[in-house]
Visitor: 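My structure is below; once you've seen it, I'll send some questions.
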2 protein chains.
Amino acid sequence: MGHSDSQLGPRVGNQTVTDTVTDTVWDDELVPDERGRTSAPEPDCPVEVTLTAISGRWTTLVLRELMGGPLSFGELRDRLPSLSAKVLTDRLRDLEARGLIARRTHPGFPVRTSYTLTDLGRVLRPLLIELYRTGNTLAALRRSLPR
Amino acid sequence: MGHSDSQLGPRVGNQTVTDTVTDTVWDDELVPDERGRTSAPEPDCPVEVTLTAISGRWTTLVLRELMGGPLSFGELRDRLPSLSAKVLTDRLRDLEARGLIARRTHPGFPVRTSYTLTDLGRVLRPLLIELYRTGNTLAALRRSLPR
DNA sequence: CGGAATCCTATCGGATACTG
DNA sequence: CAGTATCCGATAGGATTCCG
């Protein structure tokens, strides 16, 4: 990367001295191409794509569990005890519809089902790490600053 | 209880896990410390902290705009034309309450207000980049895979 | 075991109109 | 210019009960 000052310091040519027309100047680290220059939450904006992928309460927790390998419905319930069967089913169906997990049923009695991350779902792993990292940073900074 | 057979599915890609998961084994890249081992969306889980910070429709777009420097209410409206004044106000109040932006009113007539990211808000910059990156990857992979 | 079917409520966000 | 004030329909998601 040529210029790297990712953490601090906004420095876009926005705040100019004698601005007649301040056209939007795009920060191409933040928004590297045209598809991110949306002026509304359009579904094909990359950020929206990601937010849609992880949307819904409990979703990141379900994904986190599946990052360790396939799990059955019951195993998911055991690991997320306060998640109701209805909402768990909702989340699993959502994730399946988004192509992030695959559902396999093994016939027999009792029925067994297993849920696995797809290749697409595994793409979310760095994001989860970043969500975690960012939350830690926010919390630490909040602790260090007076309210 | 016992070991279930887990010959199904590929295992976690990045690191070599040589055994099957019996009890919950925490992936310490994904969840490096105890505060992330939550079994429910508790507010102090780092991931939840982050999700709360960016929650709400239009929020990431407002943040994106402010990443370039302070803007007035009207400038935000100009850049996000299909966002109503009511919802924009909601978002700005939310972000202020979360400590992510600061609001300053400059007296005079007409009244001027400016919204600026706080140090806390700037923490979100790498996350926005990651949200974007991930969305691009998801979209590309979806295009490359047939249904 | 692995759900499906209902029901019910809170909140969210869009539309519209008005104001200091 | 920078918001308020209402109203309102649509979901989201939790609780509960039932099913193959």
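Throughout, a chain's letter reflects where its sequence line sits, starting with A, and its residues are numbered from 1.
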Visitor: If you check every side-chain atom of B/Arg93, which of D/dG13, D/dG3, C/dG3 has the closest atom?
Guide: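 That would be D/dG3.
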Visitor: Using a cut-off of 4.0 Å on non-hydrogen atoms, how would the nucleic acid contact of B/Ser72 be classed: base, sugar-phosphate, or nothing?
Guide: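 Sugar-phosphate, backbone atoms only, no base.
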Visitor: Rounding to a whole Å, what distance do you find between A/Leu80:CG and C/dG2:P?
Guide: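 In whole Å, C/dG2 P and A/Leu80 CG are 14 Å from each other.
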Visitor: Roughly, in whole Å, what's the span from CG in B/Asp90 to P in C/dG14?
Guide: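 After rounding, the gap between these two atoms is 10 Å.
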Visitor: Looking only at non-hydrogen atoms, find the nearest pair between A/Pro126 and B/Glu130 and report the distance.
Guide: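 Scanning both residues completely, I find the closest heavy atoms to be CB-OE2, 3.6 Å.
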Visitor: Please give me the minimum heavy-atom distance between A/Arg98 and A/Ser55, naming the atom from each residue.
Guide: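 That would be NH2-OG, 3.2 Å.
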Visitor: Rounded to the nearest angstrom, tell me the gap between atom CG in A/Leu92 and atom C1' in C/dA4.
Guide: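 It is 14 Å, rounded to the nearest whole Å.
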Visitor: A/Asp78 has an atom CG; how far is it from atom P of C/dG3, in whole Å?
Guide: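 Distance check: A/Asp78 CG to C/dG3 P gives 14 Å.
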Visitor: Counting only heavy atoms not in B/Arg104, do more than 12 sit closer than 6.0 Å to its CZ atom?
Guide: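 No, because the 6.0 Å sphere around CZ of B/Arg104 holds 12 heavy atoms or fewer from other groups.
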Visitor: Restricting to non-hydrogen atoms, name the atom on B/Ala53 and the atom on B/Thr59 that form the minimum distance, rounded to 0.1 Å.
Guide: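 Nearest pair, atom of B/Ala53 first, then B/Thr59: O-CG2, 4.1 Å.
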Visitor: Taking the side chain of B/Ala85 as its heavy atoms from C-beta onward, which of D/dG3, C/dC1, C/dG3 lies nearest to it?
Guide: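 So the side chain of B/Ala85 is nearest to D/dG3.
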Visitor: Quick test of your reading of the model: are B/Asp27 and A/Arg125 salt-bridged, counting only N-O distances below 4.0 Å?
Guide: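 Salt bridge flag = yes for A/Arg125 with B/Asp27.
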Visitor: In this structure, how many angstroms lie between the C1' atom of C/dA4 and the CG atom of A/Leu88, rounded?
Guide: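 Between C1' of C/dA4 and CG of A/Leu88: 13 Å.
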Visitor: Check every atom of C/dG14, C/dC1, C/dG2 against the side chain of A/Pro110 and return the nucleotide holding the closest atom.
Guide: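 Side chain of A/Pro110 sits closest to C/dC1.
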Visitor: Go through C/dA15, D/dG14, C/dG2 for me and flag the one nearest to the B/Lys86 side chain.
Guide: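 In terms of side-chain proximity for B/Lys86, the closest of C/dA15, D/dG14, C/dG2 is C/dA15.
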Visitor: Both B/Leu83 and B/Phe109 contact DNA chain C. Taking the nearest nucleotide for each, which residue is further toward the 5' end?
Guide: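 Residue closer to the 5' terminus by nearest nucleotide: B/Leu83.
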Visitor: Among the candidates C/dG3, C/dG14, D/dC1, find the nucleotide nearest to the side-chain atoms of B/Val87.
Guide: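 Nearest to the side-chain atoms of B/Val87, counting from C-beta on, is C/dG14.
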Visitor: Answer with base, sugar-phosphate or nothing: what part of the nucleic acid does B/Arg112 contact at a heavy-atom distance below 4.0 Å?
Guide: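 Sugar-phosphate: the residue B/Arg112, judged by heavy atoms under 4.0 Å, touches backbone atoms but no base.
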Visitor: Contact class for A/Ser84 vs. all strands (heavy atom < 4.0 Å): base, sugar-phosphate, or nothing?
Guide: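 Touches nothing.
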Visitor: Whole Å only: how far is the CZ atom of A/Arg57 from the P atom of C/dC12?
Guide: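 Interatomic distance, CZ of A/Arg57 to P of C/dC12: 12 Å.
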Visitor: Is the distance from OP1 or OP2 of C/dG13 to the nearest side-chain N or O of B/Arg91 less than 4.0 Å?
Guide: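 For B/Arg91, the contact criterion (side-chain N or O under 4.0 Å from OP1 or OP2 of C/dG13) is met.
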Visitor: If you check the A/Trp58 side chain, which of C/dG2, C/dG14, D/dG14 turns out closest?
Guide: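 It is D/dG14.
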Visitor: Can you tell me if B/Arg77 touches the phosphate of D/dC1, counting only side-chain N or O atoms and a distance under 4.0 Å to OP1 or OP2?
Guide: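 B/Arg77 to D/dC1 OP1/OP2: no side-chain N or O under 4.0 Å.
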Visitor: Measure the distance from CG on B/Asp94 to P on D/dG3 and round it to the nearest whole Å.
Guide: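 From B/Asp94 CG to D/dG3 P: 14 Å.
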Visitor: Mind calculating the distance between CZ (B/Arg103) and C1' (D/dG3) to the nearest angstrom?
Guide: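 Rounding to the nearest Å, CZ of B/Arg103 and C1' of D/dG3 are 8 Å apart.
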